[in-house]
Amino acid sequence: MLPLNDTIAAAATPLFRGGIGVVRLSGPEALSIADRIFESRKSPSSLSSHTALHGFIEDNGQKIDEALCLVMRAPNSYTGENVVELSLHGSPLLIQKVLAIIFSLGARPAEPGEFTFRAYMNRRLDLTQAEAVHHLVNSKSESGLRNAFLQLQGSLQKEISSIRDGLLEISANFEADIEFPDENLNTINKPEALKRLNLLSGRIKDLVDSYEIGRKIEEGLNIVLCGPPNSGKSTLLNRLMSEDRAIVHSSPGTTRDAVLGTLEINGASIRLIDTAGIREKTEPVEEEGIRRTFLYINEADLVLWVQDINEPNGSGSKIIEEIAGQENPENDKKVFIRIYNKSDKLEKNKRTSLEKELKSGYEVLISAKLGWGIENIRSIIADSLRSLDISGREGIVLTGARQKQLLETCQESLYRSLQGVRSNLSTEYFCSDINESLSALDEIIGAEPNENIYDILFKNFCLGK
Amino acid sequence: MSLNSYYDIVVIGAGHAGCEAGLAAARCGFSVLLLTLDTTTAAKMSCNPAIGGLAKGHLVREIDALGGEMAKIADKSGIQFRMLNRSKGPAVWSPRCQNDRELYSTFMLGVLQDTPNLSFHNGEVVAVRTENGRISSVVLSSGETIRTRSAIVTCGTFLRGRIFWGNETVEAGRIDEPPAVGLTADMNKHGIRSRRFKTGTPPRIDGNSVDWSKFERQDGDEIPQPFSFSTDEIPQPQLPCFLGYTSEVTHDILREGFDSSPLFSGKISGTGPRYCPSVEDKIRRFPDKTRHQIFLEPEGLNNDLYYVNGFSTSLPADIQLRALRSVSGLENVDITQYGYAIEYDYFPPDQLKFTLESNIVEGLYFAGQVNGTSGYEEAAAQGLYAALNAIRNLKEEKPFTIRRDEAYIGVLIDDIITKPIDEPYRMFTSRAESRLLLRQDNADERLMDYGMSFGLVGVDAYGKMLKKKESRESAIEYMKKRRISPDVANSALADIPSSPLKESESLYRLLKRPEIYMKHLKEMDKEFYTFMESPACGDADAQIEMEIKYEGYIERLEKQSKRVSQMEDSILPDHFDYSAFDFLSTEAREKLSRHRPATLGQARGIAGISASDITNLMIYLRKDNKKL
């Protein structure tokens with residue numbers, strides 16, 4: 001149970017070394033706590049809303065940092081309560097120290113998402129906005145950020161409101177027909193209603209479908225490194241990650257299970273998965289690892305097949321054809337890249353001629369060990385991201401599972417209403433379906449079901465005796 | 001006249017709300033004083049001479065199931081009955097009848113006079129007195145003071161009523177009747193807010209001056225369906241209505257009067273109902289419509305007066321007459337009473353508890369048009385509901401509430417208390433989320449238990465309901481078991497047409513086909529016919545069709561309403577420290593700490609706790625539960 005009557009505080013910026021670090025306080029004691037920790041020509045509690053003050057953070061009379069104090073008064077703050085933001089120098093140690101002082105003065109550490117919770121409880125945010133803030137905070141990549149930001153600005157809300165308006169319009173027509181049977185109204189005919197319902201249901205489907213993309217933006221793309229044992233996958237992983245993540249050893253089969261790393265390329269976050277080597281003849285202990293490798297390949301957005309250029313007919317060459325050939329409609333978006341590793345072992349002439357032979361984009365010659373060609377791989381990944389239409393996608397993308405589930409409910413009842421209209425059911429039945437879709441949409445945007453329908457009804461029809 | 005010095009309940013106003021309130025309270029054994037400005041105008045139909053219509057007909061059936069009077073009086077005085085929306089499914093069928101205006105009032109007056117414990121008197125209440133926050137007496141304009149423990153305010157449009165035609169205005173509660181002027185100010189003094197609404201009524205005409213050949217005759221249903229579950233026959237002869245149209249000439253004449261329209265000039269500041277627009281409003285808002293329907297509805301059996309439905313207006317009298325005379329068939333029409341608009345005070349019902357009791361003055365209830373609603377049926381339903389709660393309150397029992405998924409009355413009460421009311425509130429079927437469940441034909445099954453518990457429903461009517469329910473359920477059971485073979489069914493199926501059977505099929509499954517109705521099954525299967533006819537459950541057919549054909553819909557809705565009632569039943573834990581809940585209003589924090597309701601539903605009934613407090617509590621509960 002989260003109480004709402006106390007003062008909470010937390011770092012509002014990540015605890016990394018950066019230019020500045022912000023500590024946020026919210027609640028009834030925010031100002032008085034700020035008065036006690038912030039020393040300046042005026043006291044923070046004397047400031048009017050949305051003004052800042054320059055001064056010093058003091059600990060037992062000792063100045064520990066130079067800082068800015070920004071005051072936002074209830075109800076015009078993010079949380080709807082009195083809020084104080086202290087901008088400090090961005091040292092994690094310093095921020096933690098300041099927080100410790102603040103906690104000693106009576107504030108409580110904020111739970112994750114608690115500022116947003118308060119904003120919602122104080123009606124400063126609607127539900128989609130609150131969810132978007134959550135995603136904004138948790139987003140792992142820049143384009144995830146952009147998406148969350150767009151959502152925050154209400155583009156999802158706009159689209160849903162617009163779909164909702166469309167449904168209300170249809171519903172108002174049918175309702176007029178039910179409520180005013182004596183009035184010979186020229187209400188919408190069934191073919192027209194069907195047409196509109198179909199269009200709206202298509203728009204909902206687009207939103208539902210966008211969830212998959214939204215999820216990728218938020219969670220990151222999956223890139224799987226696979227190939228025969230000892231082809232240098234783990235070395236490549238470490239190269240791409242610039243850190244020693246996988247255990248690299250020259251005995252085949254060292255990587256028995258997948259190793260994960262994340263990196264960012266062009267603002268998209270990527271999960272790099274290093275897998276057990278694939279070869280046709282295996283020991284039982286490796287089989288499980290190889291089975292999993294195939295699972296990862298199935299889930300991958302991008303497959304990097306790594307093989308030793310010095311072993312052109314090395315083990316696994318049959319399997320690679322199999323994987324590369326998997327371009328059925330379902331994974332037609334999967335990109336497959338062949339990487340020939342260990343180019344350092346080739347003679348220089350051979351290496352140069354090979355580089356020219358390779359199909360640009362889908363084949364690349366590298367030396368993971370020496371770091372040759374790694375930039376090529378990065379740019380290939382960046383290119384294929386673009387072809388996946390993920391990085392730099394502008395548009396509305398669903399990221400919350402709750403939103404998706406409600407939209408699916410909406411989709412389902414719309415489908416039933418379409419069936420109902422087609423099979424000549426009496427109006428009130430498919431109206432009931434449309435209403436169900438409407439209340440799902442209401443729930444997403446946190447709108448109260450209201451009198452909208454009557455506004456439309458009375459605007460469009462001359463009703464009443 | 002002799003008044004006692006004390007009554008358990010004083011009802012202020014004897015319109016549709018007041019009559020139901022007074023009758024219910026008196027029948028439950030409480031001493032009731034029903035006061036009105038003029039006892040001869042009790043239960044007057046101020047506007048159209050009709051009861052029921054979409055959603056309103058549902059309300060009347062519900063009033064009957066709870067033991068109210070309106071349905072019975074409507075049946076006794078009804079001169080044309082129609083079941084509206086027959087072309088649609090049974091959930092949106094709604095009964096409506098035209099009534100003899102005089103007879104309606106006369107019959108109701110008779111019932112009031114015959115009811116023990118009920119004193120019916122002339123008198124204008126100008127103030128209420130309180131002791132310790134509870135009403136203790138009412139003060140009459142005559143200076144008399146009558147002690148009481150409850151009062152129900154049902155003043156309709158009479159509070160500072162003002163009527164308008166053209167530039168003329170008169171202070172009146174209804175045409176030719178004075179308004180009640182003192183009570184609003186007294187209520188304001190107690191801290192109860194008031195606002196202004198507006199409504200209107202059309203002219204009445206002399207039927208002898210009408211050329212009937214120019215109108216389309218509209219008769220009622222061949223077999224009139226009564227409102228009351230206990231009415232066996234409709235006693236009055238049945239009359240037709242007539243349909244005609246305005247023309248562009250009519251519209252031009254009406255436009256001449258726009259300058260002197262009190263609606264357009266801003267003289268009337270109150271908001272009017274959009275669903276009951278004046279004819280001048282229709283013309284202005286829909287300039288492209290070349291004609292509007294007008295219905296001539298008989299005012300009664302013993303006169304030739306007609307009510308011009310569809311022609312509500314507050315334009316000057318001469319314009320009204322010229323405009324009507326431009327209507328084909330009304331060239332020589334005589335107006336017996338001009339149309340007018342009326343503006344009146346109402347008390348926004350967000351100041352009420354879910355029992356219709358004031359948030360401010362204990363024991364003071366409000367019902368009907370004073371709550372900003374419109375319609376006889378809406379008023380009657382509230383009158384009855386307020387009285388039942390006043391009774392419970394006097395007996396110190398828990399409040400009587402009806403959920404939205406139980407009845408239109410539940411929707412009505414919930415709507416007016418929780419939603420902002422920007423125009424006179426009228427019931428629509430679309431306001432009920434559970435519309436498919438809340439049918440006019442099952443109002444008895446939904447509500448008679450309540451009516452019985454108050455002792456307002458007769459044993460006969462209750463027994464009839466039980467029998468109806470039982471025979472329907474047994475018919476459905478029978479249909480699940482009874483199978484029909486292809487050789488018996490297929491030729492009949494081919495006639496319908498419906499696809500033939502390959503193997504034997506239950507009647508139940510067969511009825512699920514959209515094109516198959518009960519009558520087809522009875523034709524196919526003689527034994528089933530006998531089964532259905534022997535206990536004579538004739539009009540159960542539609543109910544059976546509904547329950548079997550739309551099982552999926554019914555189940556989904558029932559699941560939904562279960563969720564709602566679960567929410568109502570959400571437990572508010574003992575350990576909650578309400579004083580710490582900043583998201584609640586100060587008043588709600590204080591009241592919740594004091595009353596410590598056990599459930600969210602109970603919290604809703606507490607005065608001073610607003611709908612947004614409840615919503616916030618709900619959100620909080622949900623989050624709280626997630627954490628546990």
Side-chain angles (χ1 to χ4, degrees), chain A residues 1-6 27-28 74 80-81 111 113 117-118 120-123 127 171-172 174-184 186 413 416 420 423-436 438-439 446 448-451 453-455 457-465, chain B residues 48 53-55 84-92 94 202 243 273-277 281-282 285-286 289 292-295 309-312 419-420 422-423 426 428-431 433 435-436 514 550 552-553 556-557 560 575-577 579-583 612 615-616 619-620 623-624 627-628:
Chain A
M1 163 163 146
L2 292 177
L4 287 160
N5 62 338
D6 56 356
E81 306 172 324
E111 298 287 329
F117 172 68
R118 291 192 172 192
Y120 178 64
M121 292 307 279
N122 292 321
R123 310 204 151 199
L127 267 184
S171 172
F174 287 135
E175 294 294 355
D177 200 38
I178 292 175
E179 308 280 7
F180 298 91
D182 275 352
E183 308 219 3
N184 279 327
N186 188 17
S413 34
R416 267 202 314 275
S423 60
N424 270 322
L425 230 52
S426 181
T427 322
E428 66 276 17
Y429 293 101
F430 47 81
C431 274
S432 149
D433 293 322
I434 296 176
N435 284 342
E436 246 182 84
L438 277 167
S439 51
E448 293 261 337
N450 54 22
E451 293 255 307
I453 186 144
Y454 301 104
D455 292 338
L457 215 108
F458 293 114
K459 199 178 94 208
N460 292 353
F461 302 107
C462 181
L463 296 169
K465 291 174 186 172
Chain B
N48 54 338
L54 253 286
L84 304 179
N85 264 340
R86 276 263 191 214
S87 62
K88 303 194 176 71
V92 291
S94 205
L243 170 64
R274 286 175 296 182
Y275 46 83
C276 243
D281 231 6
K282 293 186 201 173
R285 292 184 46 230
F286 298 92
K289 265 197 108 168
H292 294 275
Q293 290 182 324
I294 350 188
F295 297 86
N309 205 347
F311 206 81
S312 174
K419 295 183 180 160
D422 306 325
E423 68 181 320
R426 188 206 131 148
F428 290 111
T429 66
S430 43
R431 296 197 194 268
E433 298 78 4
R435 171 165 66 190
L436 298 177
Y550 304 112
Y553 280 92
R556 257 199 314 282
L557 278 168
Q560 246 172 42
H575 63 78
F576 268 13
D577 176 11
S579 62
F581 287 3
D582 278 8
F583 53 90
S612 72
T615 312
N616 283 335
I619 295 169
Y620 189 78
K623 305 236 170 190
D624 195 38
K627 292 209 87 154
L628 291 173

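Remember, predicted model here, so these are calculated numbers, not experimental data. Chain letters run A, B, ... following the sequence lines, proteins first, then strands; residues in each count from 1. Side chains included, hydrogens not; waters and symmetry mates left out as well; all remaining heavy atoms used.
- The parts of A/D177 that come within reach of chain B are both its backbone and its side chain, each placing non-hydrogen atoms under 4.5 angstrom from that chain.
- Not counting sequence neighbours, B/R426 has no partner by the salt bridge (charged side-chain N to carboxylate O under 4.0 Å, His left out) test.
- When heavy atoms are compared at a cutoff of 4.5 Å, A/E81 does not approach chain B at all.
- Looking at B/K88, both its backbone and its side chain come within 4.5 Å of chain A, counting heavy atoms on both sides.
- When ring centroids are compared, B/F576 and B/F581 come within the 6.0 Å threshold.
- With sequence neighbours left out, B/N48 forms a side chain to side chain donor-acceptor pair (under 3.5 Å) with no residue at all.
- Ion pairing of A/D433 with B/R556 is present here, as a side-chain N (NZ or NE/NH1/NH2) and a carboxylate O approach within less than 4.0 Å.
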